[in-house]
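Reviewing the structure listed below.
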Amino acid sequence: MNLATTLLLTSATLSAILAIVSFWLPLMAPDYEKLSPYECGFDPLGSARLPFSLRFFLIAILFLLFDLEIALLLPLPWGDQLLSPLMAFTWTATVLLLLTLGLIYEWVQGGLEWAE
């Protein structure tokens, strides 16, 4: 057998084994929380007009903002292969400095406090 056939056979066998195990492994009697359509802690059968915590919304938006800003740092490992790697590292340091200053500002303003 050549290498391609061996790799294909190995990956197909491993995929089949993992698929079979994933059907046998979970519990057969899931609890009520897993059967509910929402796992976020809100009652799906209650009123939709309940007040929503603005603090929760603010922290969720901050998490998304900082999480998406970190995606700007993903090309950093390839920055040392540029003609001038110092420029890539300068921009990276600038992004990290802005993120740090934003986090400090939110912390000082009390935006990260969950309870008052």
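Positions are given from 1 along the sequence.
- Note that CH2 of W91 and CG of L96 are 13.5 Å apart. Values are rounded to the nearest 0.5 Å.
- No path of Ile, Leu, Val, Met, Phe, Trp and Tyr side chains, each step under 4.5 Å between heavy atoms, connects F89 with M87, placing them in separate hydrophobic clusters.
- Closest approach of T6 to T10, counting heavy atoms only: O-OG1, 2.7 Å.
- L62 and L98 are not part of a single hydrophobic cluster, where members link through side-chain heavy atoms under 4.5 Å apart.
- The hydrophobic cluster containing L58 also contains W107, counting ILVMFWY residues as joined when their side-chain heavy atoms lie under 4.5 angstrom apart, directly or transitively.
- Between atom CG of residue L18 and atom OG1 of residue T13 there is a gap of 11.0 Å, rounded to the nearest 0.5 Å.
- The CG atom of L99 sits 7.5 Å away from the CG atom of L65 when rounded to the nearest 0.5 Å.
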